[in-house]
Amino acid sequence: MAVNAFSDEWARQFKDEVNKSSAYKAAAKGWKWTVGLVIEAEPDKNVPETIGIVMDLFDGEARDIHVGSAADAQSCNFVITAPYSRWKEVATKQLDATKGMLQGRLKLKGDLPTIVRYTKASQELTEATTRVPVQWPDER
Amino acid sequence: MNIVTNADDEPSAIASLFGGLIQANVESKPEKKRDFDGLKARVGIWVTDIDEGLTLDFQRGSLTVHNGLQPKRDITIRAEADTVMSLSNLKIGLFGMPVYHDQVGRGVALKLVQGRLRIEGLLGNLATLNTVTRIFSVR
């Protein structure tokens with residue numbers, strides 16, 4: 001059953017999908033930093049406030065993924081920021097995250113060599129997102 | 001002192017990303033700093049699936065990053081985004097040579113054979129390409 005995008009239930013299912021992925025486990029071996037996703041508000045798309053997703057990822061495992069404030073997400077070691085509709089494009093495979101970062105459509109903050117070293121892991125995270133059935137706020 | 005500067009008032013995302021990546025690599029690893037200090041070359045990178053690119057103008061110890069492809073390049077690399085990122089993930093082996101026999105290296109070599117990674121100006125610039133690869137690589 002579809003869950004509301006970027007809700008607590010979505011975060012729980014996303015974490016489960018990440019932890020089910022052997023590809024992610026292999027690609028993220030050695031990763032030990034937190035990642036924050038900032039989903040910028042788009043009131044006309046039924047997203048009235050900016051949302052933060054905080055991911056505690058460690059050595060191929062998602063220890064915790066939860067919804068928080070934008071400030072919570074921005075305090076993570078790595079922060080990726082984009083408007084809601086762009087995140088929707090990523091989660092529905094209309095936008096490749098790597099291309100999005102190279103084009104500046106997803107804004108990245110954090111140590112670049114580290115994120116480049118774990119490109120494959122970030123792709124697997126995106127894959128895990130696409131496996132969570134989602135009800136999008138602009139389609140409600 | 002900033003060893004990397006942008007030629008454009010508004011650097012593109014890809015120019016900022018590669019400039020930042022090289023700066024971080026050079027500042028964190030003495031062997032990359034040595035390569036950087038000795039390299040004089042103009043290297044273009046064109047990412048074919050986003051139709052964007054940049055030119056890296058290495059001047060022995062400093063780098064100017066330009067948006068887009070600029071003239072008088074010694075080497076131009078044309079590949080899809082994934083392949084460009086793989087180039088940054090090549091391991092460096094014996095004698096400072098990029099490793100092409102592990103998973104990432106085989107993937108890059110296959111793209112080269114398939115024509116999905118094109119390197120213009122390779123003839124006569126192989127040593128330059130290896131040096132650039134070492135500076136690029138996060139490994």
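Treat the numbers as computed from the prediction; the structure is a model and nothing was measured. Chain letters run A, B, ... following the sequence lines, proteins first and then strands; every chain starts at 1.
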What do you reckon, is CD of A:Gln94 surrounded by more than 12 foreign heavy atoms closer than 6.0 Å?
yes
Taking the side chain as everything from C-beta on, heavy atoms only, tell me whether B:Glu31 gets closer than 4.5 Å to B:Ile92.
no
Quick one: do A:Asp8 and A:Arg12 make a salt bridge, cutoff under 4.0 Å?
no
From the list B:Ile22, B:Val84, B:Ile50, the residue making the most non-hydrogen contacts under 4.5 Å with chain A is B:Ile50
Decide yes or no on side-chain contact (heavy atoms from CB on, under 4.5 Å) for A:Thr129 and A:Phe14, but give the supporting numbers first.
CA-CA 6 Å; A:Thr129 320; A:Phe14 179 33; 3.4 Å; yes
Mind ranking A:Thr119, A:Val116, A:Thr98 by heavy-atom pairs under 4.5 Å with chain B and telling me who comes out on top?
A:Val116
With chain A, the option among B:Val104, B:Asp82, B:Val47 that has the most non-hydrogen atom pairs under 4.5 Å is B:Asp82
